[in-house]
Amino acid sequence: MFQIYNTLTRKKEIFKSLKEGEVSIYACGPTVYNMPHIGNYRTFLMTDNLVRTLEYLGYKVKLVMNITDIDDKTIRDSKAVGMSLKDFTDRYTAEFFKGLDMLNIKRASTYPRATENVDGMIELAQKLIDKGLAYEKDGSIYYRISGFPNYGKLSKIDFDNIIIGASVDVDEYDKDNPRDFALLKASTPEEIERGIYYESIWGKIRPGWHIECSVMAMNSFGPTLDIHTGGVDLIFPHHENEIAQSEGATGKPFVYTWVHGEHLIVEGEKMSKSKGNVFTLPEIVRKYGGEVVRFMFLSVHYRKKLDYSDAFAENAKNNYLRLKETLDNLEFALASAEDAAYPEDGEVLKALPEIENHFRGALEDDFNTPKAVTVFRDLSRTINKYLESGKNRQVLEKLHSLYRQFSDVLGLFAEAGKEEIPENVMKLVEEREAARKNKEWAISDALREKIKSLGYIVQDTKEGQNVKKVEY
RNA sequence: GUCAGAAUGGCAGAGUGGCUAUGCCUCCGGCUGCAACCCGGAGAUACGUGAGUUCGAUUCUCACUUCUGACUCCA
């Protein structure tokens, strides 16, 4: 039974999908205006873990993630570098996808773009106007918050207690109520000159930010969906506004379960440009490798802050490599497995179902990946122990299949076993083999050093030399 | 001010109403020609403070302190 924490109720709830066996998820994707940083990816990875967990538990998952390719920031920054909006956002969209691959994040079913859904936004705005929930002012369309009594149900913000001035731009005299937000914005002369506008009955407009998600989510799934994900900072106002737009227009519940990922901080502080502690994904991946970064994120629960530091990354790397080592050694052992039975076979096989139950239980509990990782480590130890002396083919295959199942759910070791050892290295290994046969230890050790300098490590086992690439 | 979350050993970080993982680090033993990997063992006064519930709390409740975040573009 899958349980998941719902921001709407601030409780862990037993998950029940609208359609038996199927889950619809809408995830707030990137605004493509710069290199995404590791914090952005933590949130995307959270959604990936949720998807993988649901699939592991037998659901068919449809994930839709939007790409915001038109908003204040994309317009501003594309101009600053003298690019068209499209060229500019295409560039960062490509970067975004590269990052997904670095972390082995599964692709969503679709990635709708805001610019491709403006018609739908105009329609939705019109519908809200017809219902008295939106109004036009100076060519822009605003949502009338006072018309939607449920406003605030997600964020639980008491708007009577908001310090006006601290939170609301008092200069926004063009709205009826300072908290009303823009659905569509009148294009400025400059935007029009750059071709950034769409025709409407209210004149030339371009989308605000919040409306795109309501439109794309409902286009993909209809008025109601199972799960909506995003970072905690989106709870207010973005997701609150999505609810107001969607439920205001349809009168139906928009989302049953809201899932929000906590932020990543750096050495105890929020990442911010002014502090100079913003890390992009490629920077970190270059240093530690994509899967180590993934593992690092997995080892902290998504509703807890992750305090990034070099020490933490190193820690994750060591843990990761240890688990990877088990897989390597297991596969190496498999190559020389035997059909004979070993005394420890039965004991190992008996332990597996329990381990598997623990693993499933961890993920069923609000997709608790750190707990799942611990179970993964338990399995690793069990395997290492068996490898000490046992080498029955059937047992090894069973261990391998379970280990692989776990690693797949966690999205780890995607490339394992695919690395080819270069010829020149293999040649040295063969030379070393000969030297070892003749007990020429000096030569053997020199060759080991040489191989190491080429980035490979050799381990001597009863079954011969095991060669592997040194990782980071 | 309102709404959240967090406080665990030298470090990093899970987790739990009664026994606290794991990794790094140090040491010992096994394995090895020597290593590496792996296994076993040992080390360290660890659960923010004060109350309460309880036979028993690090774990639940309340308060306090400190920190972080949201309330303004933000994953």
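Nothing here was measured: the structure is a model prediction, and the numbers come from that model.
Phosphate contact (OP1/OP2 of B/rG23, side-chain N/O of A/Arg381, threshold under 4.0 Å): present. Distances shorter than 4.0 Å separate none of the side-chain N or O atoms of A/Lys452 from OP1 or OP2 on B/rA36. Side-chain N/O atoms of A/Arg303 include none lying less than 4.0 angstrom from OP1 or OP2 on B/rA4.
Remark: the A/Arg448 side chain and the B/rC34 base include a donor-acceptor N/O pair separated by less than 3.5 Å. For a distance-only test at 3.5 Å, the side chain of A/Asn315 qualifies as a donor-acceptor partner of the base of B/rG23. Applying the 3.5 Å distance criterion, the base of B/rC34 shares a donor-acceptor pair with the side chain of A/Asp460.
Closest-nucleotide positions on RNA chain B for A/Asp445 and A/Val232 were compared, and the one nearer the 5' end corresponds to A/Asp445. Heavy-atom distances to RNA chain B give each of A/Pro30 and A/Ala442 a nearest nucleotide, and the one nearer the 5′ end belongs to A/Ala442.
Comparing B/rC38, B/rA70, B/rU72 by their nearest atom to the side chain of A/Asn384 picks out B/rC38. In this structure, of B/rC73, B/rC3, B/rG33, it is B/rC3 that holds the atom nearest to the side chain of A/Lys156. Checked against B/rA36, B/rC24, B/rC34, the side chain of A/Gln459 finds its nearest nucleotide in B/rA36. Here the nucleotide nearest the side chain of A/Arg432, chosen from B/rG23, B/rA21, B/rG33, is B/rG33. With distances taken from any side-chain atom of A/Lys304 to the nucleotides B/rC34, B/rA7, B/rA75, the minimum falls on B/rA7. Proximity note for A/Thr374 (side chain, C-beta onward) versus B/rG33, B/rA70, B/rA14: the nearest is B/rA14. Each of B/rC24, B/rC73, B/rG33 was ranked by its minimum atom distance to the side chain of A/Trp209; first place goes to B/rC73. Side-chain proximity of A/Asp307 to B/rA14, B/rG69, B/rG13: nearest is B/rG13. Counting only heavy atoms from C-beta on, A/Lys270 has its side chain closest to B/rG69 among B/rG69, B/rC37, B/rC3. Side-chain proximity of A/Asn368 to B/rG15, B/rG23, B/rC39: nearest is B/rG15.
Partner A/Leu234 forms a side chain to side chain contact (heavy atoms under 4.5 Å, CB included) with one of A/His228, A/His239, A/Glu242, A/Glu240 and no other, that one being A/His239.
Whole-Å rounding puts the A/Phe312 CZ to B/rC11 P distance at 16 Å.
Across all strands, A/Gly39 comes closer than 4.0 Å to base atoms (heavy-atom distances).
In this pair, A/Phe406 and A/Phe359 present their aromatic rings parallel. The plane angle is below 30°, not in the 30 to 60° band.
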